[in-house]
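In what follows, every heavy atom counts, from backbone to side chain, and hydrogens, waters and symmetry copies are set aside. The sequence lines fix the lettering, A, B, ..., with proteins before strands; numbering per chain opens at 1.
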Protein chains: 2
Amino acid sequence: MSLSHAILTALIDENLTGYELAKQFDVSLGFFWQASHQQIYRELKQLHEQGFVAVEEVPQLAKPDKRVYSLTAAGQKMLEVWILAPTRSRHSKDELFIKLYNVGLVPVASIVAAIGQRQAEHQRKLALYRKIESRSYADPAQLSDRKKGIYLSLLAGIRQEEMGLGWCSDARKLLASVTT
Amino acid sequence: MSLSHAILTALIDENLTGYELAKQFDVSLGFFWQASHQQIYRELKQLHEQGFVAVEEVPQLAKPDKRVYSLTAAGQKMLEVWILAPTRSRHSKDELFIKLYNVGLVPVASIVAAIGQRQAEHQRKLALYRKIESRSYADPAQLSDRKKGIYLSLLAGIRQEEMGLGWCSDARKLLASVTT
DNA sequence: CGGTACATGTAATCTGTTACATGATTCA
DNA sequence: TGAATCATGTAACAGATTACATGTACCG
């Protein structure tokens with residue numbers, strides 16, 4: 001599976017605790033891969049047993065102790081091997097389309113409403129991505145190699161949301177002609 | 001969850017066996033929701049226990065007996081209620097982006113290769129969707145209400161693949177400037 | 001006083017994937 | 001003869017979600 005690979009990837013630049021990793025999966029990496037803290041703690045335990053990450057226990061005053069994880073040579077090796085292997089394609093599962101198959105069964109208004117929600121979500125995400133873009137990736141050609149890769153992920157997000165907005169607009173237009 | 005809703009949706013127009021449903025999830029519905037026959041049989045069993053579908057056993061000569069499922073009034077009701085409820089947003093999980101975060105760690109060529117595979121996949125799907133479009137949805141405004149909804153799902157697929165191709169092309173351009 | 005941030009986990013349940021199992025018929 | 005289609009399932013495992021559990025500190 002690849003949550004493990006996402007975790008190892010996050011550990012390349014910095015050593016992180018499970019807690020911090022969970023936050024990373026809420027932003028940045030999280031734009032295209034999400035995971036809850038429960039999943040992350042479980043996965044870290046396994047990665048540690050397999051020797052792909054090392055842990056350092058850091059006692060703290062007045063706060064729970066930390067477990068700071070870092071990438072080992074074996075971990076980096078396994079990540080490299082995985083990158084060379086074929087990429088599984090994303091399997092999209094989108095409830096909205098199941099709803100669309102039911103135009104005619106329920107009042108269109110309810111389906112239009114669902115599209116409206118989706119539209120708002122696209123707008124929110126697009127605004128966020130654009131903000132990140134202008135803040136850190138204004139001149140793509142000048143970025144470091146690593147940043148170029150990250151920028152391309154962001155670009156995919158931007159295109160994705162733009163496409164979604166275009167589709168929402170088409171959908172609203174066509175559904176306007178439905179009378180149920 | 002919504003595999004159940006996808007199944008009920010498929011049963012609106014026709015009564016189907018688990019086997020036939022599994023095939024539907026390979027095409028049509030399957031463009032945005034996939035499920036294996038094992039999942040479908042398990043789900044049908046539960047839907048039956050809950051009274052959302054009815055079964056008719058059809059003995060056959062020289063072939064295994066069939067179990068033909070149909071939507072019950074309770075099933076339709078529950079589908080309607082679900083449609084009115086808020087739609088969960090799709091959680092995209094795409095390994096390709098994890099690989100992109102690792103530009104710099106491995107030779108770029110390997111990442112470019114992964115993008116090449118993705119590009120081919122987009123092309124294949126786009127060609128298929130376009131074929132279906134020209135065959136059955138050439139004049140969207142003239143479609144029945146129900147077909148309009150289905151067409152919009154197809155349109156989302158088309159836009160998705162077009163967007164993906166555009167992104168692949170951008171990605172290749174930018175990665176051409178990476179030398180590792 | 002209440003909420004948020006810090007920090008880690010367990011347990012139960014639900015989904016999804018992979019492998020195994022059966023057995024006739026049709027087509028190349 | 002071997003592969004594909006029809007038709008149903010079980011079992012084991014992997015992955016994801018939801019709920020529960022604990023406890024301090026800081027900010028308003």
Side-chain angles (χ1 to χ4, degrees), chain A residues 1-8 14-27 29-30 32-50 53 55-69 82 86 88-95 98, chain B residues 1-8 14-27 29-30 32-50 53 55-69 82 86 88-95 98:
Chain A
M1 82 114 171
S2 3
L3 171 56
S4 51
H5 305 108
I7 290 175
L8 296 181
E14 328 165 70
N15 299 341
L16 298 166
T17 65
Y19 186 83
E20 287 164 335
L21 273 164
K23 276 195 303 180
Q24 290 266 301
F25 277 91
D26 262 6
V27 290
L29 269 167
F32 54 84
W33 200 283
Q34 31 270 312
S36 61
H37 77 274
Q38 293 90 335
Q39 266 180 287
I40 290 166
Y41 284 122
R42 190 177 3 154
E43 199 64 34
L44 280 170
K45 205 200 249 175
Q46 283 177 40
L47 286 170
H48 184 230
E49 280 164 13
Q50 295 166 310
V53 296
V55 197
E56 193 200 351
E57 304 232 10
V58 180
Q60 294 189 119
L61 302 167
K63 278 187 199 174
D65 293 354
K66 280 185 184 185
R67 295 169 63 79
V68 179
Y69 290 88
W82 175 78
R88 278 184 302 180
S89 58
R90 88 251 100 105
H91 42 296
S92 59
K93 298 219 162 171
D94 195 336
E95 295 186 351
I98 304 182
Chain B
M1 84 115 172
S2 2
L3 171 56
S4 50
H5 305 108
I7 289 175
L8 296 181
E14 328 164 70
N15 299 340
L16 298 167
T17 64
Y19 186 82
E20 288 164 335
L21 273 164
K23 276 195 303 179
Q24 290 266 304
F25 277 91
D26 262 5
V27 291
L29 270 168
F32 55 84
W33 201 282
Q34 31 269 312
S36 61
H37 77 275
Q38 293 90 337
Q39 265 180 288
I40 290 166
Y41 284 123
R42 191 176 33 186
E43 200 65 34
L44 280 171
K45 203 200 251 175
Q46 283 177 39
L47 287 170
H48 185 232
E49 281 163 14
Q50 296 166 308
V53 298
V55 197
E56 193 199 352
E57 303 231 11
V58 180
Q60 293 190 120
L61 303 167
K63 277 187 200 174
D65 293 354
K66 280 185 186 187
R67 296 169 63 78
V68 179
Y69 291 88
W82 175 78
R88 276 184 304 180
S89 58
R90 85 256 102 100
H91 43 296
S92 59
K93 298 218 164 171
D94 195 336
E95 295 185 352
I98 304 182

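- A close approach under 4.0 Å does occur between a side-chain nitrogen or oxygen of Y19(B) and OP1 or OP2 of dC6(D).
- One interatomic measurement links the two molecules: CD of E20(A) to P of dA5(C), which rounds to 15 Å at whole-angstrom precision.
- Minimum heavy-atom separation, L47(B) to S4(B): CD2-CB, 3.8 Å.
- Considering only heavy atoms from C-beta on, T17(A) stays 4.5 Å or farther from V58(A) through its side chain.
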Exercise for the section: At under 4.0 Å between heavy atoms, which parts of nucleotides 10-15 of chain C does protein reach? Answer with one letter per nucleotide, 5' to 3': B base, S sugar-phosphate only, - none. Expected result: B----S
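- The separation between D26(B) atom CG and dC6(D) atom P is 12 Å, rounded to whole Å.
- Residues passing the side chain to side chain contact (heavy atoms under 4.5 Å, CB included) test with Q38(B) are S36(B), sequence neighbours excluded.
- Distance, L3(B) CG to dT17(D) P: 16 Å, rounded to whole Å.
- Counting only heavy atoms from C-beta outward, the side chains of S2(A) and R88(A) approach each other to under 4.5 Å.
- If you measure from atom CD1 of I40(A) to atom P of dA7(C), you get 15 Å, rounded to the nearest angstrom.
- Taking only side-chain nitrogens and oxygens, T17(A) comes nearer than 4.0 Å to OP1 or OP2 of dT8(C).
- Separating the CZ atom of R88(A) from the C1' atom of dT17(C) is a distance of 10 Å, rounded to the nearest angstrom.
- With contacts defined as side-chain heavy-atom distances shorter than 4.5 Å, the pair E20(A)/Q24(A) does not qualify.
- Counting only heavy atoms from C-beta outward, the side chains of Y41(A) and K45(A) never approach each other to under 4.5 Å.
- Ring-plane geometry between W82(A) and H5(A) is classed as parallel, the angle between the planes falling under 30 degrees on a 0 to 90 degree scale with a further cut at 60.
- Across all non-hydrogen atoms, the minimal contact from A6(B) to I98(A) is CB-CD1, 3.7 Å.
- In terms of heavy-atom proximity, H48(B) sits nearest to V53(B) at CD2-O, 3.3 Å.
- Between the CD atom of Q34(B) and the P atom of dT17(C) there is a distance of 8 Å, given to the nearest Å.
- Put simply, CG on L21(B) is 13 Å from C1' on dA7(D), counting in whole angstrom units.
- Rounded to 10°, the helix from dC1(C)-dG28(D) to dA28(C)-dT1(D) has 40° between the axis fitted to its first five pairs and the one fitted to its last five.
- Taking only side-chain nitrogens and oxygens, K23(B) never comes nearer than 4.0 Å to OP1 or OP2 of dA7(D).
- Rounding to whole angstrom units, OH of residue Y69(B) and C1' of dT8(D) are separated by 9 Å.
- In terms of phosphate contacts, R67(B) brings a side-chain nitrogen or oxygen within less than 4.0 Å of OP1 or OP2 of dG9(D).
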